[in-house]
Protein chains: 2
Amino acid sequence: MPRLAPQMPAVLAENAFALFGRNGFDAVTIDEIAARAGVTKGSFYSHYKSKREIVLAACQHYYRAYQQNAHRAIAGLRDPLQRLRAIVEMSVRTCVVDQSTRVFTTEIFALSLKDEQVRSGWLQFYDSVRELYIGLLAAAKAAGQAHVDDPRAAVDLMLAAIEGVKLRAVYEPHIACPAEQRTIVGGLMSILQGQTCPQPGNR
Amino acid sequence: MPRLAPQMPAVLAENAFALFGRNGFDAVTIDEIAARAGVTKGSFYSHYKSKREIVLAACQHYYRAYQQNAHRAIAGLRDPLQRLRAIVEMSVRTCVVDQSTRVFTTEIFALSLKDEQVRSGWLQFYDSVRELYIGLLAAAKAAGQAHVDDPRAAVDLMLAAIEGVKLRAVYEPHIACPAEQRTIVGGLMSILQGQTCPQPGNR
DNA sequence: CGTTTAAGATACTCATGGGTATCCTACATG
DNA sequence: CATGTAGGATACCCATGAGTATCTTAAACG
């Protein structure tokens with residue numbers, strides 16, 4: 001084992017993620033990824049054996065970062081409804097407001113239409129997120145803070161709405177402003193809680 | 001003006017749409033589009049001057065088809081709530097169930113991240129759809145069939161949910177089954193009507 | 001202190017596909 | 001019936017970027 005490089009695969013994956021999130025998968029070349037990580041194409045291929053592999057690695061990088069954010073967001077909170085709201089707010093903040101995340105996930109959708117492994121990776125990630133939400137919602141319901149019949153259906157619909165809002169943000173960047181964010185979080189929470197639906201400004 | 005070809009641009013656009021909806025923009029070559037329309041690349045370029053132009057034409061083709069479907073769906077109906085429900089059902093049917101539409105719109109999202117004209121075209125389309133929904137919802141509200149405070153916000157959230165459901169359908173094809181469709185339509189309607197939220201099976 | 005080994009650099013190959021140059025052909029017109 | 005014109009066909013160019021072959025270098029190890 002020669003020089004300095006056990007962390008090189010991770011460094012490449014991070015840089016690939018950053019570039020993919022700015023320009024999309026196709027527009028980013030191996031040379032760019034390698035250059036951004038401070039190496040050349042030759043050594044890139046001694047860590048990853050194809051472009052597809054670095055794409056998969058970048059996806060894993062994203063999934064891990066999301067999970068960390070999620071658990072950090074609810075770490076200090078005890079109240080079930082507060083925990084639910086905190087994670088919804090975190091999702092809106094990172095998924096909707098951050099341009100790079102929007103681009104990256106949009107690319108994942110496009111690619112997963114053609115690549116089974118990308119698709120199954122996303123599905124696994126999505127399932128874990130869904131289960132997390134269902135658990136939080138069930139706890140809120142048990143505490144009498146939500147009145148929805150079928151937590152699973154409510155979570156599915158709410159997650160769908162988040163994805164849709166994310167797409168809309170591509171076209172209407174004003175969604176990123178705090179007031180809009182609050183409206184969105186309110187609408188999403190009302191889907192989860194199962195009462196008075198999208199009425200802006202229900203805190 | 002020589003032979004038979006005033007309809008050639010439209011023929012090319014239709015065939016391009018079909019291929020794009022199956023394989024995505026990048027994977028489809030000009031040769032394929034031309035061949036499917038019964039001509040060769042040379043004559044393709046006498047109708048469209050770049051690949052980008054045929055993509056834009058295919059988008060217009062899609063937008064027009066959607067509008068036609070929408071107005072056909074509500075043509076014979078008088079009751080405001082029925083009209084609203086009919087168009088939601090149509091959207092779920094064509095957007096969520098049809099694989100080709102899913103692929104095509106996903107590609108539009110990915111491309112509009114990079115192409116201003118694609119983005120503004122979609123935005124215009126989206127606005128017209130939104131206004132249509134808002135009008136229908138306002139009518140339903142006036143008839144006492146919906147109780148939402150802000151129809152615009154409700155429509156935005158509902159449309160976001162449709163987009164999200166469409167993406168989910170890529171990963172979970174069982175969404176296409178009639179029972180799931182009914183659940184989804186029910187959830188979407190409850191967002192619009194502004195009462196008891198996602199409870200499966202509310203007709 | 002040489003030998004091994006793998007990270008890294010350099011310089012290629014080569015398939016792909018968008019775009020173009022050019023020729024052909026049929027129809028409309030005078 | 002000649003001629004101009006535009007749709008259509010054929011053959012080509014060429015930029016791009018993934019992947020590879022091969023050389024170099026420095027750390028680890030006996």
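Remember, it's a predicted structure, so these values are computed and weren't measured experimentally. Below, chain A is the first sequence line, B the second, and so on; all start at residue 1.
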Query raised in the report: Looking at DNA chain D, which of residues 21-40 of chain B put a heavy atom within less than 4.0 Å of it?
Result: B/Val39, B/Thr40
**Report entry** Protein-nucleotide distance (B/Tyr45, atom OH; D/dG7, atom P), rounded to Å
**Finding:** 17 Å
Report summary line: Tested for side chain to side chain contact (heavy atoms under 4.5 Å, CB included) against A/Leu137, the lone hit among A/Leu81, A/Val148, A/Leu132 is A/Val148
Query raised in the report: Quick one: B/Tyr48 OH to C/dG17 P, roughly how many Å, whole number?
Result: 21 Å
Requested in this report: With heavy atoms under 4.0 Å as the rule, sort B/Phe44 into base, sugar-phosphate or nothing.
Outcome: nothing
Query raised in the report: Would you call A/Tyr62 and A/Thr101 a side-chain contact if the rule is heavy atoms closer than 4.5 Å?
Result: yes
Requested in this report: Report the distance from atom CE of A/Met8 to atom P of D/dA27, rounded to the nearest whole Å.
Outcome: 16 Å
Query - Closest-nucleotide ordering on DNA chain D, the 5'-leading residue of B/Gly42 and A/Gly42 - result: B/Gly42
Requested in this report: May I ask you to verify if any side-chain N or O of B/Ser46 is less than 4.0 angstrom from the OP1 or OP2 atom of D/dA6?
Outcome: no
Requested in this report: Spell out yes or no: do the side chain of A/Lys41 and the base of D/dA18 have one donor N/O and one acceptor N/O closer than 3.5 Å?
Outcome: yes
Query - Distance in angstrom units between B/Lys51 NZ and C/dT20 C1', rounded - result: 17 Å
Report task. Measure from the side-chain heavy atoms of A/His47 and tell me the nearest of C/dG8, C/dG19, D/dG19. Result -> C/dG8
Report task. Could you state the atom-to-atom distance from CD of B/Gln7 to P of D/dG7 in whole Å? Result -> 12 Å
Query raised in the report: Got a donor-acceptor contact below 3.5 angstrom from the A/Arg102 side chain to the A/Val96 backbone?
Result: yes
Report summary line: Side-chain atoms of B/Ser43 come closest, of C/dG8, D/dG8, D/dT20, to D/dG8
Report task. Keeping the roles fixed (side chain from A/Arg119, backbone from B/Tyr171), state whether a donor-acceptor pair exists under 3.5 Å. Result -> no
Query - Centroid-centroid distance, B/Phe109 to A/Phe109, less than 6.0 Å - result: no
Acceptor/donor pairs from residues 19-29 of chain B side chains to any protein atom, 3.5 angstrom cut, sequence neighbours excluded:
residue: B/Thr29; atom: OG1; partner: B/Glu32; partner atom: N; Å: 3.1

Query raised in the report: Taking it one step at a time, do B/Tyr63 and B/Ser128 satisfy side chain to side chain contact (heavy atoms under 4.5 Å, CB included)?
Result: CA-CA 10 Å; B/Tyr63 301 152; B/Ser128 71; over 6 Å; no
